[in-house]
Amino acid sequence: MSSKRKILESLKRKRLLEIADGEEVELPQRRALEPIRAALIAQEALTLDAVLGYMSRDELKAACRELGFDDGGRKKDEIRARIEAFASGDMPLFTSSATEEPASKKATTKKNSTKKPTTRKKAAKKAKAQGNLGFEDKLWKAADTLRGHMDPSEYKHVVLGLLFLKYVSDAFEERRERLRQQVADPASDYFIEDEKERADELPQILEDRDEYTAENVFWVPKDARWSKIQAEAKQPTIGKSIDEAMDLIGAENPKLKNVLPRVFALPGLDKHRLGKLIDVVSGIGLGTEEHRAKDTLGRVYEYFLAKFAGAEGKAGGEFFTPTCIVELLVEMLEPYKGRVFDPCCGSGGMFVQSIKFIREHGGQRDQVAIYGQESNPTTWKLAQMNLAIRGISGNLGGRHAGSFHQDLHPDLRADFVMANPPFNDSDWGGERLREDVRWKYGVPPIGNANFAWVQHFVHHLAPDGVAGFVLANGSMSSMQLGEGEIRKALVEADLVDCMVALPGQLFYGTGIPACLWFLAKDRANGRFRDRRGELLFIDARKLGRMDTRVHRVLDHADVASIASTYHAWRIEGGEYKDVAGFCKSATTEEVMTNECVLTPGRYVGAEAATADTEPFEVRVSRLVKLFRSQAAESANLSAKIEASLRSLGL
């Protein structure tokens, strides 16, 4: 009996109905338990993975017992991974006595489910629309299969570390091969005519560190090169070899000192699976000139960060801001030239998107200076690696540190501040900063750092600087502990330029609704029209689409719609118009009469109702036909299920 069938047979009617509705499985009826269960069991396209995604922790533990193995563990992801590993016949990447299975037990092979062509077409279309390379998902699935029970928060350093090592090795080997060709090329400055002399000098040239660093290629010592790693992939000492390679590369390249992960020699890491992962990574090109031009590793790295953020849930939000949010912030602020600062930079997504924006709009990359800070040590390392793989130079402070208590850029006045600080952070040490110079608009409450972040951003703005950042929705309307007074002071100082209400489910692991704030230090500086005394409100809560069952994304068209509205409003002669239910240009006086509550829904009004032009008779006729068609299909499915049940002797 398949694992999927056993698990479905252990679930109650309510959960089975939830699965059927979520996976769009047609049911013959919704009352009797057995026909519902039979319909789901018969649905070949319904995978075990999909079923597990709907189950509670207690149901997953019960499934473990039903399948005959240990149900230990507190985290849903760990229990779920154990069931998937059991069904696929894979051993875990991390072994533990708590999860060991009896040697006599045979693993059940999961049935291969065949997706409908239309599903594949939709997936391909979505990948194309999102700009994916096409193989990221396959690479992710291969890597994730090898994860076993290892926690995503730990496994990301294994995978991303290997990807980075492969990248620097590819770039190094390409430069090495280029030097070999140049020495034998009469048209090259490196050409050595005498063959004996060429043969004698070539080894020295190929091992000349300066020949690589002069071309912005990281120097990779002999014992750290991918060819050596790949050759030792099946050895039990492979973890130690990779850690040593990371140390060697960090020692030879100051930018990478104390940045690269050393997690590969951990005793619990299954070296057999690690070897398989090396084989997977070996099969892709990452650091060659062709792949650098396509930003192959950058896009794979970003894709993996998003996947790990989703897998980690709430913790994932600490190092990764959804790409569509970063894209929206950058498109609205347009950081063509100047100093870009993110004081809670996570893995560096704001910087990467800023450079991408400049490249796509024909700007010059060297006209932007990157400054950042990050308090989490492992996340700070991720950011350093994220910038390094794209050749982006940035000042991230030289070490990890919290922005409130250890400001590593105290004298910086940035042209652009972009950030996604922790929502409603209550553990920010505010009791030690009651007299801080940054609190120009009011002392933020000890129990919530939202307006500490806002004033930290303002403090670091240049005289004509602009800021765009994410905050929890409560920041727009809260009156508790002086927050309303701080917000009023910001409005009175004419700092607030635009407010954007975002749709729900955009962020990983949190259901807290969020919004975007845009501040401008001088709204009459001549770059745009004089916007003093005005605020733009945009209600984007109805935009976006569900990318997964629990996660929403804004497509490029959504981003363009919001950004173009803001741009049309702020430029001289822009063709901006208020749109009921979407956007409204309000005066400061109007905002003051609303007690400085900045929720867009309060100002934009209701969307104009769409007239229903379908005649009543036509609608009734259409609905009757639809009902009869669905009733006939229901009867047909019921007959098939009954026949299946009879064949089983039920």
Side-chain angles (χ1 to χ4, degrees), residues 133 162-231 244-257 259-260 281-301 336-337 351-352 354-356 358-370 384-395:
L133 296 170
L162 279 181
L163 289 171
F164 185 85
L165 184 57
K166 179 63 161 57
Y167 166 82
V168 296
S169 293
D170 280 0
F172 177 86
E173 293 298 339
E174 183 182 53
R175 175 61 182 158
R176 186 179 178 86
E177 183 58 31
R178 179 65 178 149
L179 286 170
R180 193 188 306 275
Q181 294 172 359
Q182 288 178 320
V183 168
D185 182 3
S188 169
D189 292 337
Y190 287 83
F191 178 61
I192 300 175
E193 186 173 0
D194 184 86
E195 290 188 9
K196 184 179 184 306
E197 183 182 354
R198 185 193 310 161
D200 290 340
E201 292 192 25
L202 182 60
Q204 183 179 350
I205 294 173
L206 294 179
E207 294 299 320
D208 186 346
R209 184 179 184 279
D210 293 341
E211 293 293 351
Y212 298 84
T213 57
E215 297 295 321
N216 292 317
V217 173
F218 289 114
W219 169 253
V220 183
K222 285 184 178 180
D223 288 340
R225 293 169 192 171
W226 189 260
S227 55
K228 181 176 183 294
I229 298 298
Q230 190 173 10
E244 290 175 350
M246 294 294 187
D247 286 341
L248 289 170
I249 293 173
E252 291 288 346
N253 300 275
K255 287 183 181 179
L256 302 178
K257 187 176 181 180
V259 168
L260 303 181
V281 175
S282 296
I284 56 174
L286 293 173
T288 64
E289 184 176 357
E290 176 188 358
H291 288 99
R292 289 198 302 273
K294 294 179 181 178
D295 193 24
T296 301
L297 179 57
R299 294 169 71 174
V300 170
Y301 199 89
Y336 284 108
K337 180 180 179 181
F351 307 136
V352 171
S354 295
I355 298 301
K356 189 183 297 184
I358 291 168
R359 184 175 64 243
E360 291 174 352
H361 290 79
Q364 296 183 8
R365 185 161 135 174
D366 58 1
Q367 291 189 332
V368 170
I370 299 296
Q384 293 279 21
M385 291 168 61
N386 202 7
L387 297 186
I389 61 178
R390 293 172 167 88
I392 299 174
S393 296
N395 180 354

Please table the atom pairs, donor to acceptor, closer than 3.5 Å between any side-chain atom in residues 211-222 and protein atoms at least two apart or in another chain.
from   : atom 1 : to     : atom 2 : distance (Å)
Glu211 : OE1    : Tyr190 : OH     : 2.6
Tyr212 : OH     : Leu206 : O      : 2.6
Thr213 : OG1    : Arg209 : O      : 3.4

Note to self: Side chains of Arg176 and Glu207, heavy atoms from C-beta outward: is any pair under 4.5 Å?
What the structure shows: yes

Check: Between atom OG of Ser169 and atom CZ of Phe164, what is the distance when rounded to the nearest 0.5 Å?
Finding: 10.0 Å

Checklist line | Side chain proximity check, Asp223 to Glu244, heavy atoms < 4.5 angstrom | finding: no

Margin query: Determine whether a donor-acceptor pair (N or O, by modelled atom type, separation under 3.5 Å) exists between the side chain of Asn253 and the backbone of Lys255.
Written below: no

Checklist line | Residues in side chain to side chain donor-acceptor pair (under 3.5 Å) contact with Arg178, at least two apart in sequence or another chain | finding: none

Notebook entry, point to check: How many angstroms lie between atom CG of Asp170 and atom CG of Leu165, to the nearest 0.5 angstrom?
Noted result: 9.5 Å

Checklist line | Within-4.5 Å side-chain heavy-atom neighbours: Ile205 and Ile192 | finding: yes

Checklist line | Pairwise distance CZ(Phe351) to CD1(Ile392) - rounded to 0.5 angstrom | finding: 9.5 Å

Notebook entry, point to check: Measuring from Glu195:CD to Asp200:CG, what's the distance to the nearest 0.5 Å?
Noted result: 12.0 Å

Margin query: Just verifying a value: how many Å separate Lys166 NZ and Gln230 CD, rounded to the nearest 0.5 Å?
Written below: 8.0 Å

Notebook entry, point to check: Salt bridge between Arg180 and Glu177, side-chain N to carboxylate O under 4.0 Å?
Noted result: yes

